[in-house]
Amino acid sequence: MRLIIKDLCHRYDDLVVLDGIDLTVQEGEVLAVIGPSGCGKSTLLGIAGGIVAPTSGTIAVAGEVPDGCLNPITFIFQDFALLPWRSVEDNLSLVLEHHPLSAAERRERIESGLRRMGLWDFRKALPKQLSGGMRQRVGIARALAVRPAMLLLDEPLSALDAQTRELLMEDFLSLWQRERTTAVYVTHNLDEALRLADRVVVLSRRPGRLREIVTIEEPRDQRLEPSAQAHLAEVRDRLWHLIRAEAQLADREIADA
Amino acid sequence: MPDTSLPMTERSAAPPQPVRFRGGGFTVKGHRWAALLAFVVLIAVWESTNRFGLVSELFLPPPSAVASALAAMAQDGSLWQHLKASLMRIGVGWVMGTVAGMAVGFAMGIGSVARAVGVPLVSAFFPIPKIALLPLFILWFGIGEPSKFATIGFGVFFPTVIATYSAIDSVPRNLIRMAQSFGLPWASILRKIVLPGALPGILAGFRITASIALILVVAAEMIGAEYGIGAFVLTAGNLMLTDQLLAGVLVLSLLGLSIGTVLSILERRLLKWR
Ligand SMILES: Nc1ncnc2c1ncn2[C@@H]1O[C@H](COP(=O)(O)OP(=O)(O)OP(=O)(O)O)[C@@H](O)[C@H]1O
Ligand SMILES: [Mg+2]
């Protein structure tokens, strides 16, 4: 599915957060969004997913949705957003219960989601009994259970430690290897963007404007190869160069406020 | 360089000093029998002050006299009669106040108009000592049960409203956004997210309102009732039967204790996930 954002502006009261964003997320691509703190990345994602109403501008989708898709645009959250009073399997069930599915189909979706993320043995556990990484896997399994056409990920790994982050990145890679689900991936972390994205959108500091879109040519599954390192280092330098000054200024701004 | 290296070697020549432990205290350790022992000592001291004639039995009857007064009440059936009357009043008044309070609290928790109207009203009525309204309720409903139900219900209502709507406020917004992003309908969000998320706060409110109900039932029974623990305590006081009076107080504190225990069990059952 494609997502087309046209001339998007957003204000919270007097605070202009996003200004003149024009952006198309292509079918099957993973688009990373980076930018300094508070530049409106989460707001952009919320608008794209229809849970924040933009001040002005339009958002549209086009293209096919997969078979059995119940929720074309699906979020994966930084803080996982699991119901603490529901077990792992019931957290998946939550997003299916309001759809007219047979009990068998619901069970099948829950089971395949949990098995994909290696959670089957933990299906009766409560979120508090799981590690951060496992909780985010529940978040991913929940998203997979609705067979989404597009994933919106808001810093999905930034609540996790470095090793867990690495493991979860592998999970995302295999997900995009198999499903090629279109995704918008907001992150602070250049390494995540370099490992996972096809293109990287760089936003300026608040009000967030589109500074540049950097394409990463290397195929996703070859980015750990030695031959890819030179190109990736180049892209990394470029991105860092773009955000460094912005981040520094944004940092001052927040300290002043 | 040489004069900085010299003290270094001097220092390293000194024998290693053990690091002194300084992390003691400021932790709470459990002492299993301390509470029980304190009770036993307290009762023993109390009993002996009477035995040695330090305190008149009229002003402070010994625990043994209180116990036998309680036993006598249990035997002639008056204990049950009074307890039944009080429990019925607490039950009816508390349920009325709680049901109404939760309904209003929910409306204020999710509706901005209800909140705008409700908050000033609740803040205005909340501080009224509800027992002061009993005479008015007696005028309205007569001296019988309804005026007591109304006093208790009214006293329970406002704290329930406040507990309910602040509990709803404390439901994490991100969970509601999550549910919306998966397309859950409004009623499902209310039932599956808001209600369970607010439950801890609502149950904490029950604890407060249960103790309010207990205070109000005693006060109301002292103003106008034939039966009820409050009436019994007042009568015993008027007749200077202090052993019976204290037996009534003991029943009240046991009642409060058992209500607290029931609520704890309920919390443990319903809030296992915390
Ligand atoms: N609901 C809101 N009401 C008012 N201001 C808001 C609201 N949500 C966000 N903001 C402000 O808008 C700006 C952009 O917020 P947003 O969360 O979109 O930024 P972000 O790029 O995701 O930041 P971060 O990198 O910290 O996640 C911030 O300054 C924030 O304080
Ligand atoms: Mg954000």
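Hydrogens, waters and symmetry mates are skipped; everything else that's a heavy atom, side chains included, is used. Per chain, numbering begins at 1; letters A, B, ... match sequence-line order.
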Backbone of Asp79(A) reached by a side-chain donor or acceptor of Asn174(B) within 3.5 Å: no

Rounded distance [0.5 Å steps], CZ in Phe182(B) versus CG in Leu96(A): 9.0 Å

Reported OG-to-CG distance for the pair Ser181(B) and Leu152(A), which is rounded to 0.5 angstrom: 9.0 Å

Heavy-atom contact with chain B under 4.5 Å, split by part of Leu70(A): neither

Region of Leu271(B) in contact with chain A, defined by heavy-atom distances below 4.5 Å: neither

Glu64(A) CD: over 12 foreign heavy atoms closer than 6.0 Å: no

Residue Arg142(A) versus chain B: region with a heavy atom under 4.5 Å: both

CG on Asn91(A) to CE on Met178(B), rounded to 0.5 Å: 6.5 Å

More than 12 heavy atoms of other groups within 6.0 Å of Arg106(A) CZ: yes

Neighbour count >12 (heavy atoms, 6.0 Å) for atom CZ, Arg115(A): yes

Rounded distance (nearest 0.5 Å) linking atom CG of Leu199(B) with atom CH2 of Trp85(A): 9.5 Å

Heavy-atom contact with chain B under 4.5 Å, split by part of Phe75(A): both

Nearest heavy-atom neighbours spanning Leu175(B) and Pro84(A): CD1-CD, 4.2 Å

Flag, side chain of His98(A) to backbone of Gly183(B), donor-acceptor distance under 3.5 Å: yes

Exceeds 12 heavy-atom contacts within 6.0 angstrom, atom OH of Tyr12(A): yes

Within 6.0 angstrom of Arg32(B) CZ, more than 12 heavy atoms from elsewhere: no

Straight-line distance of Leu83(A) CG to Ile193(B) CD1, nearest 0.5 Å: 4.5 Å

Per-residue contact mode, Leu94(A) against chain B (heavy atom under 4.5 angstrom): both

pair Arg274(B)-Lys128(A): side-chain heavy atoms closer than 4.5 Å: no

